[in-house]
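Okay, so here's the structure we're looking at.
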Amino acid sequence: MPDISTSLLDWYDQNARQLPWRSDISPYRTWVSEIMLQQTQVDTVIPYFERFILRFPDLPSLARASQADVLREWEGLGYYGRARNLHKAAQLLCQEHNCQLPADVEALRRLPGIGRYTAGAIASIAFGIAAPALDANIRRVLSRLLELREPAGSPAGEKILWEAAGRFLSQHRPGDHNQALMELGALVCTPKAPGCQRCPLSGECLAYAHGSQNDLPARAEKPAVPHFIVTAAVIQQGDKVLVAQRPQGGLLGGLWEFPGGKLETSDPDLPACLRREIREELGVEVCVGQSLGVFRHAYTHFRITLHAFACSLPPGEDIPVSEAVRWVTPSELAGFPMGKVDRLIARSLQARAA
DNA sequence: GACGCGTGGTC
DNA sequence: TGACCAAGCGT
């Protein structure tokens, strides 16, 4: 096992990007940045981090906020469970831990939204604790360094990689060491066309020695991505439209949408699909009118083509409002957190009304 | 332990 | 344009 830390940290000191969360380091800022960075690239996170910190500058301000306000700041970033858990954890910490993040890996690990990686990252970066971290970048760097044939993500591969992350770790600068490995993975040891010529670890890298860097890390086969046809109803009454809140647990949980759903084989056509969905969700028959557009969108595990329709209620029919069903004017839609496609529809309505 | 969970960039 | 990829976590 070579000592990679010295050359790694030297490289990091010369090449680290200046990022918002690398100045004014505090446990709170480190925490917010690490949650945002889960499965999300640095360039995407930067503007969200800046806005979020302006809006919620410290842990008490986040704990006091409403979930809708937190989700609105998160809108567009995806994986909204991260925002719900961040908010929940802030409230827990202010109830039980004096509004302080614990300086302890196991205690961090128990907070909602903090798993093995994030606990190690916060502990090492914010508190200087010698805890390893393993993310997609470090998996790739270490897989190549060790020329690991086990697929990253497999149980055997994970075991080897976590042990390696711990063995390599600098006891002196663990936070910089973890960030340096991630920085190296993001800037040099990239998935395609890795820059081995300018890599500080190429001399120790088994993959580079054998020319196998482009074939690593090994990957398991991925299943085919299904494609669904879905419909959405913009139900209009006077100058208002109906929006519904999605349940907390699942896809786009807690966000608002124009109701609708998947086309089933039993549906004769798109309007029939939409009438069925609205009947099932809201208990009323709607009149389906003109098309408001067709939207394609790719989620992680499936793809949709969404057909939006202007709809109206027959005379005498009504829909009772509730916590999760509201009639709002197009200009009020901006206050309701939404996913990508529904926001596109909402914006087209605002433009139409203006 | 396998699966569900968003979105944007890249090639 | 479609497939791949990304500072993972919860159930």
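Values reported hereafter were calculated over all heavy atoms of this structure, with side chains retained and with hydrogens, waters and symmetry mates removed. So you know, we letter chains A, B, ... as the sequences are listed, proteins then strands, and number each from 1.
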I need the [atom1]-[atom2] distance between [X] and [N], as an integer number of Å.
X      : N     : atom1 : atom2 : answer
A:L134 : C:dA7 : CG    : P     : 12 Å
A:R303 : C:dC4 : CZ    : C1'   : 11 Å
A:M182 : C:dA6 : CE    : P     : 14 Å
A:D135 : C:dC5 : CG    : C1'   : 13 Å
A:M36  : B:dG6 : CE    : P     : 15 Å
A:F302 : B:dG6 : CZ    : P     : 9 Å
A:L19  : C:dA7 : CG    : P     : 12 Å
A:E34  : C:dA7 : CD    : P     : 11 Å

Taking the side chain of [X] as heavy atoms from C-beta outward, which of [options] is closest to it?
X      : options              : answer
A:Y117 : B:dG6, B:dT7, C:dA7  : C:dA7
A:Y80  : C:dG10, B:dG6, C:dA7 : B:dG6
A:Y79  : B:dC5, C:dA7, B:dG8  : B:dC5
A:T118 : B:dC5, C:dG8, C:dG10 : C:dG8
A:P191 : C:dA7, C:dG8, C:dC5  : C:dC5

Answer with base, sugar-phosphate or nothing: what part of the nucleic acid does [X] contact at a heavy-atom distance below 4.0 Å?
X      : answer
A:R22  : base
A:T44  : nothing
A:A298 : base
A:N85  : sugar-phosphate
A:W74  : nothing
A:I114 : sugar-phosphate
A:A136 : sugar-phosphate
A:L252 : sugar-phosphate
A:G76  : sugar-phosphate
A:G185 : nothing

Item to check | Side chain A:T300 and base B:dG4 donor-acceptor under 3.5 Å | outcome: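 No such pair is found, so the answer is no.
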
Checklist entry - Is the shortest side-chain N/O distance from A:Q41 to OP1 or OP2 of C:dA6 below 4.0 Å? => result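 For A:Q41, the contact criterion (side-chain N or O under 4.0 Å from OP1 or OP2 of C:dA6) is not met.
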
Checklist entry - Are any of A:H297's side-chain N or O atoms less than 4.0 Å away from OP1 or OP2 of B:dG6? => result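 A:H297 to B:dG6 OP1/OP2: no side-chain N or O under 4.0 Å.
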
Looking at [atom1] of [X] and [atom2] of [Y], how far apart are the two atoms once the value is rounded to the nearest 0.5 Å?
X      : Y      : atom1 : atom2 : value
A:L306 : A:K262 : CG    : NZ    : 13.0 Å
A:I122 : A:N178 : CD1   : CG    : 12.0 Å
A:L187 : A:C199 : CG    : SG    : 11.0 Å

Next on the checklist: Let me spell it out: for each of A:R140 and A:A119, pick the nucleotide of DNA chain C with the closest heavy atom. Which residue's pick is nearer the 5' end?
Outcome noted: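 That would be A:R140.
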
Checklist entry - How do A:K88 and A:Q179 order along DNA chain C: which one's closest nucleotide is nearer the 5' end? => result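 The residue closer to the strand's 5' end, by nearest nucleotide, is A:Q179.
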
Next on the checklist: Say we look at C:dA7 and B:dG4: how far apart would their P atoms be, to the nearest angstrom?
Outcome noted: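 Those two atoms are separated by 23 Å.
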
Item to check | Rounded distance in Å between the P positions of C:dC9 and B:dG8 | outcome: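 Pairwise P distance, C:dC9 against B:dG8, rounds to 22 Å.
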
Checklist entry - For A:K192 and A:P155, take the nucleotide of DNA chain B holding the closest heavy atom to each; which residue's nucleotide lies nearer the 5' end? => result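 Looking at DNA chain B, the more 5' nearest nucleotide goes with A:P155.
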
Item to check | A:H301 aromatic ring stacked with six-membered ring of B:dC3, 5.5 Å and 30° | outcome: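 The ring of A:H301 is not stacked on B:dC3.
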
Next on the checklist: Using a 6.0 Å cut-off, check whether atom NE2 of A:H172 has over 12 heavy atoms from anything other than its own residue.
Outcome noted: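 Incorrect, the count does not exceed 12.
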
Checklist entry - Does a salt bridge link A:E158 with A:R116, judged by any charged N lying under 4.0 Å from a carboxylate O? => result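 Looking at A:R116 together with A:E158, the answer is no, because their closest N to O distance does not fall below 4.0 Å.
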
Next on the checklist: Using a strict threshold of under 4.0 Å (side-chain N to carboxylate O), is an ion pair present between A:E280 and A:R276?
Outcome noted: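 Looking at A:R276 and A:E280, the cut-off is met.
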
Next on the checklist: So, applying side-chain contact (heavy atoms from CB on, under 4.5 Å) with A:V45, which one of A:L19, A:L37, A:I35, A:V32 is it?
Outcome noted: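 So the option named by the test is A:L37.
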
